[in-house]
K.L.:
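The structure is given below, and queries will be raised subsequently.
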Number of protein chains: 2
Amino acid sequence: MNKVKKRSNCPVSCSLDIWGDKWSLLIVRDLMFAKECTYGDFLKSAEGIATNILASRLLTLEENKIIEKLEHPDSKAKVLYRLTRKGIDLLPIMIEINLWAEKYLTIPDDRKAMLKKVKNDKPRFIKAMTKELEG
Amino acid sequence: MNKVKKRSNCPVSCSLDIWGDKWSLLIVRDLMFAKECTYGDFLKSAEGIATNILASRLLTLEENKIIEKLEHPDSKAKVLYRLTRKGIDLLPIMIEINLWAEKYLTIPDDRKAMLKKVKNDKPRFIKAMTKELEG
DNA sequence: AGATACACTTGCATATTGCAAGTACAAAGC
DNA sequence: GCTTTGTACTTGCAATATGCAAGTGTATCT
């Protein structure tokens, strides 16, 4: 399952080998907005990821140290996922994707509000959100 | 072939629906570095894209106005592809991917040199490169 | 103890990708 | 003009990945 088939030495290509499929960045997005998610939380997202794909992507992301598991405070049956520092550092990419989408696609209002703050002071926003996700 | 299957209203999801596969961003990358490419140029890239996938991706990217075709000055048998403004505006995303990769993966020296300029003054770099790609 | 919640697995149909070969047309060479 | 080469794709088919439905194992709830 975890075939690390590196297509070339290009950093873009290598990055895409890790998280460049249709689903991984959506998992990262959920974790950026919610900070921590359970397996069930991911399944609830609007895009409707299949359970086997979700399990497979969570594993790959964990192997690549983008996310990590931790114990749920309420129950041992639940698992919490959260971003590692490596995963949190995908935030600038995520922000630029949102900015591009704002320019060329339609975008919901709540997201627009966030982007307003981003555009006001991007480095500040990134620093603040990074700190929040780390904490 | 051109099924626009929108998974949700999330801008990240919608963006990935357009160029979020393993190959599209590599095509965009080639066009950012080379400005204009022929079909054969894309095939020469290190990752080794299959001809049918390339044709399919070029079509999708063209349909989504990320790239456009133009006549090759030398020959009517050749086709030149280049980025539209919408495609050029993917540059900030491309840059952030490179910066992330620089931090967490190994990255070739020539790319490092470029990133040095980026880090010196990111908005300036983006503006200059955008202008060059538009011209 | 039995039911329920949660995090996955498994099996199988469908869709996408990857590879090899082929086609169509323009240009270059003889 | 006729063949050969270069370029941009298409086509066919095998391999792989995805999507869906159902099932499994463990922990908690009653």
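Note that the structure is predicted; figures quoted are calculated from it, not measured. Numbers restart at 1 for each chain; the letters A, B, ... are given by sequence-line order, proteins then strands.
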K.L.:
Write down the distance between NZ (B/K5) and P (C/dT14), rounded to a whole number of angstrom.
P.N.:
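So the two atoms are 16 Å apart, to the nearest Å.
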K.L.:
Could you identify which residues of residues 23-36 of chain A place a heavy atom less than 4.0 Å from some atom of DNA chain D, listed by residue number, or say none?
P.N.:
A/W23
K.L.:
Rounding to an integer number of Å, can you tell me how far B/I53 CD1 sits from C/dC19 C1'?
P.N.:
10 Å
K.L.:
Residues in side chain to side chain donor-acceptor pair (under 3.5 Å) with A/K44, at least two apart?
P.N.:
A/D41
K.L.:
At less than 4.0 Å, is any side-chain N or O atom of B/Y81 found next to OP1 or OP2 of D/dC9? Yes or no.
P.N.:
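Affirmative; the distance criterion is met.
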K.L.:
What string of B, S and - do you get for nucleotides 20-30 of chain C 5' to 3' if you count protein non-hydrogen atoms under 4.0 Å?
P.N.:
BB----SS---
K.L.:
Which one, D/dA8, C/dT17, D/dT10, comes nearest to the side chain of B/A55?
P.N.:
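For the B/A55 side chain, the nearest candidate turns out to be D/dT10.
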K.L.:
Does a nitrogen or oxygen in the side chain of B/K69 sit under 4.0 Å from OP1 or OP2 of D/dC9?
P.N.:
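Result: yes.
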K.L.:
Sequence neighbours excluded, which residues qualify as side chain to side chain contact (heavy atoms under 4.5 Å, CB included) partners of A/K78?
P.N.:
A/H72, A/S75
K.L.:
To the nearest Å, give me how far apart CG (A/L61) and C1' (C/dC8) are.
P.N.:
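It works out to 16 Å between those atoms.
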K.L.:
Find the distance between OG1 (B/T84) and CG (B/N64) and round it off to the nearest 0.5 Å.
P.N.:
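Answer for the OG1-CG pair, B/T84 versus B/N64, is 10.0 Å.
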K.L.:
Side-chain contact test, heavy atoms from C-beta onward, threshold under 4.5 Å: evaluate it for A/L16 versus A/W19 and give yes or no.
P.N.:
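Yes. Closest side-chain heavy atoms under 4.5 Å.
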K.L.:
What contact category does A/F42 fall into here, base, sugar-phosphate, or nothing, at under 4.0 angstrom with non-hydrogen atoms?
P.N.:
nothing
K.L.:
Whole angstroms only, please: what is the CG-C1' distance between A/L54 and D/dA17?
P.N.:
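From A/L54 CG to D/dA17 C1': 16 Å.
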K.L.:
In whole Å, what is the span from the CD atom of A/E71 to the C1' atom of C/dC6?
P.N.:
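The answer, rounded to whole Å, is 15 Å.
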K.L.:
Less than 4.5 Å apart, any side-chain heavy atom of B/R57 and any of B/E62?
P.N.:
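B/R57 does not reach B/E62 side chain to side chain.
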K.L.:
Between B/D17 (CG) and C/dT16 (C1'), how many Å, whole number?
P.N.:
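Atom CG in B/D17 sits about 15 Å away from atom C1' in C/dT16.
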K.L.:
Looking only at side-chain N and O atoms, does B/K44 come under 4.0 Å of OP1 or OP2 in D/dT7?
P.N.:
no
K.L.:
Just list the side-chain donor-acceptor pairs under 3.5 Å for residues 120-130 of chain A, sequence neighbours left out, or say none.
P.N.:
from	atom 1	to	atom 2	distance (Å)
A/D121	OD1	A/R124	N	3.3
A/K122	NZ	A/E96	OE2	2.6
A/T130	OG1	A/I126	O	2.7

K.L.:
Which one, C/dC19, C/dC8, D/dT7, comes nearest to the side chain of A/V79?
P.N.:
C/dC8
K.L.:
Nearest whole Å is fine: how far is D/dC9 C1' from B/D41 CG?
P.N.:
15 Å
K.L.:
Once ring-ring contact (aromatic ring centres under 6.0 Å, His included) is applied, what residue pairs with a partner in residues 104-123 of chain B remain, sequence neighbours excluded?
P.N.:
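Checked against ring-ring contact (aromatic ring centres under 6.0 Å, His included) - neighbours excluded - the pairs reaching residues 104-123 of chain B are B/W100-B/Y104.
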K.L.:
Please state how far atom CG in B/L58 lies from atom P in D/dT7, giving the value in whole angstrom units.
P.N.:
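The answer, rounded to whole Å, is 16 Å.
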K.L.:
Look only at the side chain of A/S45 and the backbone of A/E47, and say whether a donor-acceptor pair between them is shorter than 3.5 Å.
P.N.:
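Answer holds: no.
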K.L.:
Could you report the tightest heavy-atom contact between A/G135 and A/R82, atom names first, then the distance?
P.N.:
O-NH1, 4.4 Å
